[in-house]
Amino acid sequence: MRSGIFVKTALAGLIGQLWLAHPAVAQTSADAKQDLERVVVTGIRASLQSSVATKRMQEGVVDAVSAEDAGKFPDTNIAESLQRVTGVQIQRNNGEGRYISVRGLGPEFNNVLVNGRSLTSDTGGREFSFDLLSPDLISKALVYKTSQAFLPEGGIGSTVDIQTARPLSGPKGHSAVLNLSGSYDSNSGKKTPSASAMYSFANQDRSFGASGSLSYTDRASKQTKAVNDAWNYKDVSLINGDLSSKNLTAADVTVKKLYIPQSYGFQAEDERRKRLVAAGTVQFNPTAAFKLSADALYSRLDQQNAVIAVSDWNNPILLGAKYNADNQITSFLRPGATFYANNPEIAGAGKLLGEANSNDMIVKAGDRLSTTKAFGVNAKWALASEWSLEGDLATSRTKSSSPDMWVVAGMVPSNGDVLTFDGTPTIQFGDNIADPTAVRAHAVAYGQIQNGDDVKEGRLNASWDHEIGAFKGLQFGLATSRRKVDRTQWNSDSWNAYSGYHLALPASLFTVSKLDNIFGTAGAMPSSFLRFDPYAYMAYLNQPAQIAQSNDPALYSDKTKFPNGPMAIDYTKPSMWAVKEKVSSLFVDSKWEGDGWSGTAGIRYVHVNSSSLGISRVLQSAVKSPNDTTYILTYGPSTVNTVENSYNNLLPSANLKLDLTRDLLLRLGASKTLTRPTLNQMGVNNWYGGRYGDVQTGGGNPYLKPMRSTNLDVSLEWYLSKTNYVSAAVFHKKVTDFLETQLVDVQLPQFPEIAHDTRIRNGQQGKIKGLELAGQYAFDAGSGLLQGFGVAANFTYVDASATREGGATTCGYPGLSKQSYNGSVFYEDSKFQARLSYNWCNHFSVDCGGGSTMPRTRAAYGQADASVRYNVTPLVSLYADAINLNNERMHEYANNESQFLTLEDVGRRFNVGVRVAF
C-alpha cells in the first residue's frame, strides 16, 4: 500500500533524526559483520529536518521546533522559537517572550504541557509563562493545531507539548555540554552573565540512562513608556478661558459628551531578572517490554523591578479644550493653583473645580519571585503482541510572591500644563517636575501578595493494535487531575491617610533622574524627573509627627487599630481566595488505514467540579475624602464565601490523512474543543477603587462557563525533500461563551454614584476562520552560488466576526491579529552558520473596554533577530545573537491611532557565548 511505504519512509527519517546531532561513528554489526555508513546532517538543517519529519508523521495538523543538539535550541527563549511556527505569535515581558497566541487565540486558550504533563506557573491562571524555563533543557516543542482524543482538553487554540532531552535517546556513554555567555542590553547599558551545563549517560545496551542539567541566566533591562491609561466617552465640563483667565463663573462652563484621555505621563522601569533552572531524568529499560522514566524540574525566577512614573490625571473638567469633528479632544489646558486662586466662583471646596490639579510621581509594584517544582514518573509495558499499557503520575507546584504597591507623591503646580492629543501626544509642564523641594504627600497603597498553583495528575492509557480490514486498533484511557490556585493578600489601610497634597515632604527623599526621550523630536518629553524610595517615603509618613498631620490623626494614631502605624501591612487581616478544580476524563481513539489513506476518530468525555472559596472584608460604606476626590472606604469583619460549580462535556474528534502522491498529503480534521475559565478569574473576591466621578470595582467570577469551539481544518502539504516543503491550511472555528474582560456599569449601595465594574465574563459568540501558508527550502549540493543558503517563511490570515449582547461589534476577539508572518534567511557550511529572521503581526484588540471606556488596540509590530555560529572545532563553537535589531517599539491606541494609549521602548539585546561539548 502507498500509505505503508510512506509511513516506513517517514519513520526511518524520524529514527534517523535521533542521531543527526551526534558525531558519525562506524558501527559494527554482530550479525552482518560489516560497517554501516551514515550521512550526518548538522546545524540549522538538522533542526529543520527533524521538525519536518515530525510534522509529516502526524495524523493531524502539527508543527514542531527541534533542537539540533543538546543545549542548541534555536533561540535564547522557547517562546521566541515558537513564534517561527505558522500562526504563532508571542507576547513579551520587557522584550523577552513570555506567552504565546496561536491562530489569534490568546495564551489562556493554548494548553501547554511539558513531557505531556501540566506544569504550573506563576500567572495564577492557565496561561503558561515560558520565561520560567531555560531553552537549554528542551529538545523539541510540538504544536498540535487539530485536536485528537488522547490530548488533554483545554486548548481551543492549540496544544503545545514541550519535550526535554531523554538520556536513552542520546549517544551511549558519557557526554556533556557547557554553555557560557554574556548579554548586553542597549537601554540599560549593562552586561550580565549566563551559564548552563548538561550531562548525560547511557550504558552500552541502553538499559539505563541518566541526565542532568543546570542553567543560570542573569539579565538587566530598561524600559521607557509614554502612557495614557484609557480613553473615555463621557460628559465633559468645558471651561471657556485660558490659564490667565480671572473671575470666571458658571456661565463660562458648558457640558458636552466627548472622547477624553484619562491621563498622560511617562514611566521608567529598571529590571534585573535572575533565573535558575535545574532538571534531571533517569530512565530504566531492563527489557524490550518495559521502560521506566522519572523526571524532576526546579525553576526559580527572581525579578526585581524599580518602576517610577510621572503622570497628569485628567478630570472631566477641561480648560480651553479643542476637539475635532468626531468629538475627540485634541488639546486642552490643565490649570494650576494660580488659576484656582483667580477664579473663586468655580474653584474651591464644593465647586466645579474642587481641588487643584497635581503632577504625580508613582512607584508601582514590579518585583516577582517565583519557584516551581515538578516531578513525574512514567512507565510503559508491552503486555502482549497487540497490547501495551502506559501509566503516568505527575505533580507540580509553583509559589510566587510580589509586593502590591501604588505609592504616590505629587506636586500642586502654580502654573498650568498644556496637552495635545492630535496624533503623537505632547505635554508642556508649567512647573518644574524635577524640583525635589515642591513635593507633597498623597495616596499610598501597600501590601503583599502570595500566589500558589498546585496540580496533581495521573493517567492510564492502553493500546490495542489489531487489524480488521481498515481498522488498525484502539487507544483508550482515563485521567484525573486535582488543581488548586490560591491568592492571599495583606494590605495596609493607608490609602487615604495623606491623600490631598496637604503635607510637604523633605527634598532629601527625592533624586533627580534623567528621562529618556523615546519620541525624539516628534513628542515633547521632560528631560528629567524625580525618583524616590517608596519604603523610605512610607517610613517618613509613619512617624508620629507626620501622623499628627494626616487626614484623620485620631484614627491613624490609634494603636489598637494601627499598632505599627498606618503605613505598615496588617498581617492579621488577610484577604484570600482559592479555586479548586477536579477534572476526570475518559477517551477512546480508533486508528484506521487503507490504500493511500490513514486516520483517527475518537471522543473524549470530561467532568469538571470547581469550588471557589474567598475570605475577605465586606465593604460597609464609602465616604468622600476631605482633601481629595477619593473615597475613604470602611470595611466590616472578614467573611467566608464558597461557590460550587460543575459541568460535563463530550469532545469528538477525527483526523484523515490522504496520500495524494508519494510526497503530497491532504489532511482533514474536525473536532469540538473547550477552554476552561482561568482559575484566577473564578475567585469570589471583590475590590473597590477609583475616585469621585469614576468609581472602579472588579474581582472574580465563580460562575464562568468554559468557552467552546467547533473546529474544521484542511491542510495540503508537499514534501520536496527531507528538509524542504510547502503547505497551505484553512481552518474554521465556531465559538461560544468567549471569555473576555468586560466593563459593566452597576449601582452599589455603598456608593452614591454608578460604579464601573471590570471582570472576566462569558461574552460573545462568533466565528474565527483563517488561512496558513508555510514553506522552507535549503539549497544543497549542486545549487551553485546558492549552496548553503536557505529560506523559511509562513503567513497567517485570520478573519473573525463576533456578536455580543447588543449586537455585532467591531472589536472582535481580544488577542486575535488578522495577519501575521515570519521569515528567515540562513546560511551554513561546515564551519559557519548565520540566520536573520523577521516576525510581524497586524494590529489586534487587547480588550474591548465597556461602559464609557474605549477598547484597547495594539498596533502592528515587527521585530528582526539575528544569530551567527562558528565551529572552532567539532566540539567548540562560538555564537552571537541579536534580539530586536530594528529597535521596534510596542504601541497601543484605542479606537483609532489618534487615540494614543502607550508607546513602549525596550531597546536591543545582544548575547555572545561559547559552547563546549565533551
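Values below: all heavy atoms of this structure, side chains included; hydrogens, waters and symmetry mates excluded. Fair warning: this is a prediction, and the values are worked out from it, not measured in the lab.
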Side-chain donor-acceptor pair present, [X], [Y], cut-off under 3.5 Å:
X	Y	result
Ser396	Thr120	yes
Arg84	Gln776	no
Arg98	Ser129	yes
Arg275	Thr217	yes
Asn794	Asn822	yes
Asp905	Gln223	no
Arg869	Gln833	no
Gln49	Thr723	yes
Ser51	Ser66	yes
Ser299	Thr372	no
Gln283	Asn285	no
Ser183	Asn911	yes
Thr395	Arg397	no
Arg56	Thr54	no
Glu457	Ser118	yes
Ser837	Ser824	yes

For [X] and [Y], work out which heavy atoms get closest and say how close.
X	Y	result
Ile90	Gly97	CD1-CA, 4.0 Å
Leu168	Ala202	CD2-CB, 4.0 Å
Pro107	Glu127	CB-CB, 3.5 Å
Thr673	Ser147	CG2-CB, 3.6 Å
Ala778	Arg45	CB-NE, 3.7 Å
Tyr725	Ala774	OH-CB, 4.0 Å

Carboxylate-amine/guanidinium proximity below 4.0 Å for [X] and [Y]:
X	Y	result
Lys484	Asp454	no
Asp392	Arg117	yes
Arg835	Glu828	no
Glu904	Lys225	yes

What pairs with Phe201 under ring-ring contact (aromatic ring centres under 6.0 Å, His included), at least two apart in sequence or on another chain?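 Partners of Phe201 under the ring-ring contact (aromatic ring centres under 6.0 Å, His included) test: His174.
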Do [X] and [Y] come close enough that some side-chain heavy atom pair is under 4.5 Å?
X	Y	result
Leu133	Phe128	yes
Val88	Arg103	no
Gln89	Ile100	no
Gln163	Leu142	yes
Ser293	Val282	no
His891	Arg858	no
Glu888	Tyr861	yes
Gln304	Glu271	no

Arg368 and Ser400: CA distance, side-chain angles, deciding distance, side-chain contact (heavy atoms from CB on, under 4.5 Å) verdict: CA-CA 7 Å; Arg368 171 182 168 213; Ser400 64; 5.7 Å; no
Within the side chain of [X], is there an N or O that forms a donor-acceptor pair under 3.5 Å with the backbone of [Y]?
X	Y	result
Asn886	Gly862	yes
Asn884	Gly907	yes
Ser215	Ser196	no
Asn871	Thr873	no

Working to the nearest 0.5 angstrom, can you tell me the gap between Met405 CE and Ile449 CD1?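 So the CE of Met405 and the CD1 of Ile449 are separated by 11.0 Å.
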Describe, in one word, how the ring planes of Trp840 and Tyr821 are oriented to each other, choosing from parallel (under 30°), tilted (30 to 60°) and perpendicular (over 60°).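 Parallel: the ring planes of Trp840 and Tyr821 meet at under 30°.
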Could you go through Lys399 and Asp122, starting from their C-alpha distance and side-chain angles, then the distance that decides it, and tell me whether this counts as salt bridge (Lys or Arg N to Asp or Glu O under 4.0 Å)? CA-CA 7 Å; Lys399 293 182 178 180; Asp122 62 351; over 6 Å; no
Walk me through it: do Leu885 and Leu836 pass the test side-chain contact (heavy atoms from CB on, under 4.5 Å)? CA-CA 10 Å; Leu885 265 176; Leu836 176 65; 4.3 Å; yes
What's the verdict on salt bridge (Lys or Arg N to Asp or Glu O under 4.0 Å) for Arg273 and Asp185, showing C-alpha distance, side-chain angles and the deciding distance? CA-CA 12 Å; Arg273 182 182 305 186; Asp185 181 87; over 6 Å; no
Could you walk me through whether Asp218 and Lys190 pass side-chain contact (heavy atoms from CB on, under 4.5 Å), step by step? CA-CA 11 Å; Asp218 187 354; Lys190 294 182 178 178; over 6 Å; no
Would you check, one step at a time, whether the test salt bridge (Lys or Arg N to Asp or Glu O under 4.0 Å) holds for Asp453 with Arg483? CA-CA 7 Å; Asp453 187 359; Arg483 190 165 192 169; 2.8 Å; yes
Is the distance between the ring centroids of Phe789 and Tyr827 less than 6.0 Å?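 Yes.
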Just distance, no hydrogens or angles: give the donor-acceptor pairs under 3.5 Å from side chains in residues 151-162, sequence neighbours left out.
{"residue": "Glu153", "atom": "OE1", "partner": "Arg604", "partner atom": "NE", "Å": "2.8"}
{"residue": "Glu153", "atom": "OE2", "partner": "Arg676", "partner atom": "NH1", "Å": "3.0"}
{"residue": "Ser158", "atom": "OG", "partner": "Asn110", "partner atom": "OD1", "Å": "2.8"}
{"residue": "Asp161", "atom": "OD1", "partner": "Asn115", "partner atom": "N", "Å": "3.3"}
{"residue": "Asp161", "atom": "OD1", "partner": "Gly116", "partner atom": "N", "Å": "2.9"}

Residue pair Arg92, Gln83: steps toward the side chain to side chain donor-acceptor pair (under 3.5 Å) verdict: CA-CA 11 Å; Arg92 294 173 172 85; Gln83 73 177 331; 3.3 Å; yes
Yes or no on side chain to side chain donor-acceptor pair (under 3.5 Å) for Thr281 and Asp295, after CA distance, side-chain angles and deciding distance? CA-CA 5 Å; Thr281 299; Asp295 300 278; 2.8 Å; yes
Report the C-alpha distance between Gln303 and Lys274 in whole Å, list the side-chain angles of each, state the deciding distance to 0.1 Å, and finish with yes or no for side chain to side chain donor-acceptor pair (under 3.5 Å). CA-CA 6 Å; Gln303 179 176 316; Lys274 299 179 180 179; over 6 Å; no
Test side-chain contact (heavy atoms from CB on, under 4.5 Å) applied to Val177 and Phe918, step by step: CA-CA 6 Å; Val177 175; Phe918 302 93; over 6 Å; no
